[in-house]
Amino acid sequence: MTQILQLLADGKARSVEELAEVLDTTAEDIKRRMEFLERAGYLRRIHGCGHGCQGCSSHCGMELDGGFPVFWEIVPHKKAGRLP
């Protein structure tokens, strides 16, 4: 879990597939981990990126929710916290 938080701390958008490859796991596992971190209050889900994905080549959506990219950001008060 801490590896995901460390990767996301730089603010760079990454796909589930990219995270899975970097962490040598599956996309399904990354989704479960992201959901756990969200429920635990370490991440906050954000819908859409503001540019409408018109011609977007960054593949920045962590997953699609109703056709829109879904992002997570680290919750500021939890940055220095320890995972349960």
Side-chain angles (χ1 to χ4, degrees):
M1 300 292 179
T2 56
Q3 291 173 314
I4 290 175
L5 293 174
Q6 289 169 343
L7 286 169
L8 297 177
D10 66 5
K12 180 181 174 189
R14 292 177 178 84
S15 69
V16 168
E17 291 76 16
E18 183 179 355
L19 289 169
E21 184 177 330
V22 169
L23 298 175
D24 194 31
T25 188
T26 65
E28 292 78 22
D29 182 47
I30 293 296
K31 289 177 185 179
R32 281 191 299 269
R33 292 182 192 193
M34 298 295 274
E35 290 170 2
F36 171 82
L37 289 167
E38 181 182 19
R39 284 190 309 272
Y42 288 88
L43 298 177
R44 175 177 29 233
R45 190 177 296 230
I46 302 170
H47 297 272
C49 56
H51 60 71
C53 296
Q54 304 280 326
C56 180
S57 63
S58 66
H59 308 289
C60 53
M62 293 296 193
E63 64 182 61
L64 293 180
D65 182 14
F68 297 99
V70 176
F71 301 89
W72 286 271
E73 67 179 0
I74 295 175
V75 176
H77 70 278
K78 292 283 189 170
K79 281 185 180 178
R82 297 181 60 124
L83 287 174

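Residue numbers start at 1 and run along the sequence shown.
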*Asks:* Working to the nearest 0.5 Å, report the span between OG1 of Thr26 and CG of Leu19.
*Replies:*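 If I round to the nearest 0.5 Å, the distance is 12.0 Å.
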
*Asks:* Might you point out which heavy atoms bring Ala20 and Ala27 nearest each other, and give the distance in Å?
*Replies:*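 Looks like CB-N, 3.7 Å.
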
*Asks:* Are any non-hydrogen side-chain atoms of Glu38 and Arg44 less than 4.5 angstrom apart?
*Replies:*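 SC-SC contact between Glu38 and Arg44 ruled out.
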
*Asks:* Does some side-chain heavy atom of Leu23 sit less than 4.5 Å from a side-chain heavy atom of Leu7?
*Replies:*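 In contact.
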
*Asks:* Drop me the distance from Leu37's CG to Arg32's CZ, to the nearest 0.5 angstrom.
*Replies:*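 Answer for the CG-CZ pair, Leu37 versus Arg32, is 13.0 Å.
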
*Asks:* Return yes when atom CD of Glu21 has more than 12 non-hydrogen atoms of other residues, nucleotides or ligands closer than 6.0 Å, and no otherwise.
*Replies:*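 No.
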
*Asks:* Run the side chain to side chain contact (heavy atoms under 4.5 Å, CB included) test on Leu5 and Leu43 for me, step by step, so that the C-alpha distance in whole Å, both residues' side-chain angles and the decisive distance to 0.1 Å come before the verdict.
*Replies:* CA-CA 9 Å; Leu5 293 174; Leu43 298 177; 3.7 Å; yes

*Asks:* Carefully, step by step, assess Leu8 and Met34 under the rule side chain to side chain contact (heavy atoms under 4.5 Å, CB included).
*Replies:* CA-CA 11 Å; Leu8 297 177; Met34 298 295 274; 3.7 Å; yes

*Asks:* Could you tell me whether Asp24 atom CG has more than 12 heavy atoms of other residues or ligands within 6.0 Å of it?
*Replies:*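 Not more than 12 within 6.0 Å, no.
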
